[in-house]
Peer 1: 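Got a structure for you, written out below as structure tokens; questions coming shortly.
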Amino acid sequence: MIEIRELGRYVGEAVDLGGWVETKRGHGKVAFVVLRDGTGSVQCVLVKKQVDPATWDAFESLTQESVVLVTGEVRADERAPGGFEIGVSSLKVAGLAAEYPIQPKEHGVDFLLDHRHLWLRSSLQRAGLMVRAEVEQAVHDFFYGRGFVRIDTPILTGAIGEHAGTLFETDYFGERAFLAQTGQLYVEAACPAFRKVYCFGPTFRAEKSKTRRHLTEFWMVEPEVAFADSDDNMRLQEDFVSYLVERALENCREELALLERDTSRLEHVRPPFPRISYTDAIGRLKAVGSEIEWGSDLGAADEQILTESYDLPLFVYNYPKQAKAFYMKENPDDPRTVLCDDLLAPEGYGEIIGGSQREDDLDRLRERIREEELPEAAYSWYLDLRRYGTFPHSGFGLGVERTVAWITGRRHIRELIPFPRLMNRLFP
RNA sequence: UCCGGGGUAGCUCAGUCGGUUAGAGCAUCUGACUGUUAAUCAGAGGGUCGUGGGUUCGAGUCCCACCCCCGGAGCCA
């Protein structure tokens with residue numbers, strides 16, 4: 001049996017194919033079956049006079065998504081989508097499908113998510129997930145190429161991270177445990193061992209967010225680099241994001257075309273990305289009439305205004321201390337702020353990266369933990385990293401689904417993960 | 001949690017001012033057709049109008065409560 005993607009090598013030859021019926025069309029004495037085998041689709045043509053009665057009967061019994069085994073000749077034909085079709089000599093039903101719920105027509109979101117296990121087969125979903133797979137592979141290739149060591153961080157953790165209210169709690173042999181909402185503290189621990197490291201895995205946030213930018217389970221890439229300051233960090237981010245876009249453009253041309261993505265908006269994505277400090281951003285927002293005050297975090301509308309004037313991702317750096325996490329390093333030039341950055345994707349896709357230089361001073365870090373009223377005992381091992389050979393270091397987290405949503409131009413990130421976990425959705 | 005929109009056939013939706021037996025397209029089934037591209041044509045079957053209560057001679061339609069879904073805000077990647 002061969003795969004549909006390699007049909008071009010077999011023109012004029014008889015081949016065996018196996019796959020799922022996308023649609024069939026009968027015309028009395030000639031009939032068409034569009035077959036999908038996971039590597040592509042091809043139209044199979046049956047002429048009643050030229051096939052045996054068993055094959056014709058098999059065709060007539062076919063339902064959408066039934067599995068068939070087809071033998072036939074590969075022909076180049078301009079009338080066929082893709083340029084090739086199969087002149088069928090024999091067709092067998094291997095698995096007759098019950099009436100298939102998803103039709104080639106518009107469906108509602110709720111219905112499609114209820115049938116996510118079947119929706120995966122649809123062409124736009126396949127295209128989006130193919131781009132995701134390419135981007136994920138590119139993540140590993142990028143870091144491998146730069147000498148980073150992959151560190152797999154735990155998913156079951158004690159009380160660490162940022163805010164206990166957004167953690168999923170579970171029972172761990174009678175003890176309280178939480179699903180990780182970041183691997184950062186662990187990759188920081190791995191820095192003295194490997195210098196440049198990254199983790200890549202699922203992240204869990206129990207936020208009650210119902211927007212197209214949020215999932216309760218999403219995948220995040222978190223590099224951490226010893227001796228890197230905040231500027232180094234931003235340079236790594238723009239190199240990294242540019243590489244991910246480049247790889248998608250290089251290897252997912254067909255998928256992006258199917259998704260009707262305007263790739264001209266991606267082709268110029270390369271370093272350097274524009275940068276604006278938080279303080280300058282506030283000034284600019286006030287100049288256009290926003291009522292935002294220095295000290296509060298940027299809202300979605302503010303981000304929209306800032307990114308509108310750029311066709312590249314935009315860095316907003318050095319936010320006020322009170323708007324950011326305890327582990328970020330104080331800015332020596334303006335102690336009201338911390339050395340950090342958010343990377344905002346263009347076209348309204350929002351924040352795809354949050355990064356910072358980490359506080360490496362033991363006393364200041366301990367002070368910040370107390371200010372935030374975090375359980376100090378749970379962080380004692382993290383403070384050890386400052387006791388036993390502290391060092392300047394920086395890192396960031398990139399959200400895979402948001403990044404892929406931007407690259408593919410899909411509106412909602414739930415389509416860019418095979419089985420999305422949302423506030424009200426744990427199945428399928 | 002707050003704000004807005006919604007729930008009618010398997011699916012996507014229409015349903016006027018409260019008024020006879022609740023409609024269409026697609027899907028399914030039957031039939032016709034030798035080149036279709038979400039094929040077309042003819043016919044058939046298919047309904048607890050989200051749930052509960054109320055107003056009324058009469059409720060899919062009006063009122064109240066609740067449930068569920070979608071989008072947005074906040075929070076974040």
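In what follows, every chain begins at residue 1, and chains take the letters A, B, ... in the order their sequences are listed.
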Peer 1: Say you pick atom P in B:rU61 and the same atom in B:rG54; how far apart are they, in whole Å?
Peer 2: 14 Å
Peer 1: Taking NZ, NE, NH1 and NH2 as the nitrogens, is one of them in A:R402 or A:E351 under 4.0 Å from a carboxylate oxygen of the other?
Peer 2: no
Peer 1: Determine, for A:D360 against A:K329, whether the closest basic-nitrogen to carboxylate-oxygen distance falls under 4.0 angstrom.
Peer 2: yes
Peer 1: Can you tell me if A:F32 is stacked onto the base of B:rG35, using a 5.5 Å centroid cut-off and an angle below 30°?
Peer 2: no
Peer 1: Aromatic rings A:F111 and A:H107: how do their planes relate, parallel, tilted or perpendicular, breaks at 30° and 60°?
Peer 2: parallel
Peer 1: Would you indicate which nucleotide in B:rC11, B:rC69, B:rG71 comes nearest to any side-chain atom of A:D110?
Peer 2: B:rC69
Peer 1: What is the distance, to the nearest angstrom, from the NZ atom on A:K208 to the P atom on B:rC76?
Peer 2: 17 Å
Peer 1: With a 3.5 Å cut-off and no angle check, do the side chains of A:Y278 and A:D342 form a donor-acceptor pair?
Peer 2: no
Peer 1: Counting Watson-Crick and G-U wobble pairs only, both distances under 3.5 Å, name the nucleotide matched with B:rC76, or none.
Peer 2: none
Peer 1: With sugar-phosphate meaning primed atoms plus P, OP1 and OP2, does A:I353 contact a base, only sugar-phosphate, or nothing at under 4.0 Å between heavy atoms?
Peer 2: sugar-phosphate
Peer 1: Rounded off to whole Å, could you give me the CZ-to-C1' distance for the A:R132 and B:rA77 pair?
Peer 2: 13 Å
Peer 1: I'd like to know if A:K196 pairs up with A:E224 as an ion pair, taking the criterion as any Lys NZ or Arg NE/NH1/NH2 lying under 4.0 Å from an Asp or Glu carboxylate oxygen.
Peer 2: no
Peer 1: May I ask which nucleotide in the shown strands pairs with B:rA42, Watson-Crick or G-U wobble, both distances under 3.5 Å?
Peer 2: B:rU30
Peer 1: Whole Å only: how far is the NZ atom of A:K105 from the C1' atom of B:rC11?
Peer 2: 4 Å
Peer 1: Is there a donor and acceptor pair, one atom on the side chain of A:S209 and one on the base of B:rC75, closer than 3.5 Å?
Peer 2: yes
Peer 1: Side chains of A:H393 and A:E188: any donor to acceptor distance under 3.5 Å?
Peer 2: yes
Peer 1: With respect to the phosphate group of B:rC68, does any side-chain polar atom (N or O) of A:N424 fall under 4.0 Å of OP1 or OP2?
Peer 2: no
Peer 1: Could you identify the nucleotide paired to B:rU51, looking across every strand shown and requiring Watson-Crick or G-U wobble geometry with both distances under 3.5 Å?
Peer 2: B:rA65
Peer 1: Do A:K48 and B:rU34 have a side chain to base donor-acceptor pair shorter than 3.5 Å?
Peer 2: no
Peer 1: Would you mind telling me which residue lines up with the more 5' stretch of RNA chain B, A:V47 or A:G26, judged by nearest nucleotide?
Peer 2: A:V47
Peer 1: Checking contacts here: which listed nucleotide (B:rA27, B:rG72, B:rC76) is nearest the side-chain heavy atoms of A:R411?
Peer 2: B:rG72
Peer 1: For B:rA9 and B:rA14, measure between their P atoms and round to the nearest Å.
Peer 2: 12 Å
Peer 1: Any N or O donor-acceptor pair linking the side chain of A:R25 to the base of B:rC33 at under 3.5 Å?
Peer 2: no
Peer 1: When we call it a touch if two heavy atoms are under 4.0 Å apart, what does A:H107 touch: a base, just sugar-phosphate, or nothing?
Peer 2: sugar-phosphate
Peer 1: Determine the interatomic distance between C1' on B:rC69 and the same-named atom on B:rG50; round to the nearest Å.
Peer 2: 10 Å
Peer 1: Say we look at B:rG53 and B:rA27: how far apart would their P atoms be, to the nearest angstrom?
Peer 2: 39 Å
Peer 1: What distance, rounded to whole Å, do you find between the two C1' atoms, one in B:rG72 and one in B:rG58?
Peer 2: 40 Å
Peer 1: According to the Watson-Crick and G-U wobble definitions, with both distances under 3.5 Å, which nucleotide is paired to B:rA9?
Peer 2: none
Peer 1: Identify whether any heavy atom of A:R425 sits under 4.0 Å from a base atom; if not, whether one sits that close to sugar-phosphate; answer base, sugar-phosphate or nothing.
Peer 2: nothing
Peer 1: P atom, B:rU21 versus B:rC66: distance in rounded Å?
Peer 2: 34 Å
Peer 1: Within the 4.0 Å heavy-atom criterion, would you say A:D342 contacts the bases, only the backbone, or no part of the nucleic acid?
Peer 2: nothing
Peer 1: For A:A301, which contact category applies under a 4.0 Å heavy-atom criterion: base, sugar-phosphate, or nothing?
Peer 2: nothing
Peer 1: At 4.0 Å (heavy atoms only), tell me whether A:Q43 reaches a base, stays on the sugar-phosphate, or touches nothing.
Peer 2: base
Peer 1: Select base, sugar-phosphate, or nothing to describe what A:E106 touches, counting heavy atoms under 4.0 Å on all strands.
Peer 2: sugar-phosphate
Peer 1: Considering only the P atoms, how many Å lie between B:rC68 and B:rU56, rounded to the nearest integer?
Peer 2: 32 Å
Peer 1: Provide, to the nearest angstrom, the distance between the CD atom belonging to A:Q103 and the P atom belonging to B:rU37.
Peer 2: 18 Å
Peer 1: OP1 or OP2 of B:rG71 versus the side-chain N and O atoms of A:R213: is any pair under 4.0 Å?
Peer 2: no
Peer 1: To the nearest Å, give me how far apart CG (A:L426) and P (B:rC69) are.
Peer 2: 13 Å
Peer 1: Is A:G108 touching bases, backbone alone, or none of the nucleic acid, heavy atoms closer than 4.0 Å?
Peer 2: sugar-phosphate
Peer 1: Could you check whether A:F111 gets within reach of a base, just the sugar-phosphate, or nothing at all, counting any heavy atom under 4.0 Å?
Peer 2: sugar-phosphate
Peer 1: Between B:rU12 and B:rG71, how far is it from one P atom to the other, in whole Å?
Peer 2: 15 Å
Peer 1: Select base, sugar-phosphate, or nothing to describe what A:H412 touches, counting heavy atoms under 4.0 Å on all strands.
Peer 2: sugar-phosphate
Peer 1: Once hydrogens and angles are ignored, does a donor-acceptor distance under 3.5 Å link the base of B:rG35 to the side chain of A:E85?
Peer 2: yes
Peer 1: Over how many whole Å does the gap from A:H214 atom NE2 to B:rC75 atom C1' extend?
Peer 2: 6 Å
Peer 1: Map A:T63 and A:A323 onto RNA chain B by nearest heavy atom, then report which one ends up closer to the 5' terminus.
Peer 2: A:T63
Peer 1: Taking the six-membered ring for Trp, are A:F240 and A:F143 closer than 6.0 Å centroid to centroid?
Peer 2: yes
Peer 1: Are the charged groups of A:D280 and A:R275 less than 4.0 angstrom apart, N to O?
Peer 2: no
Peer 1: Output the rounded distance in Å from CE (A:M423) to C1' (B:rC68).
Peer 2: 12 Å
Peer 1: Applying the Watson-Crick and G-U wobble criteria at under 3.5 Å, what pairs with B:rG19? Answer none if nothing qualifies.
Peer 2: B:rC57
Peer 1: Do we get A:R368 above A:F326's six-membered ring, with its NZ or CZ under 6.0 Å from the centre and within 45° of the axis?
Peer 2: no
Peer 1: Give the rounded distance in Å between these two atoms: NZ of A:K210 and C1' of B:rG6.
Peer 2: 12 Å
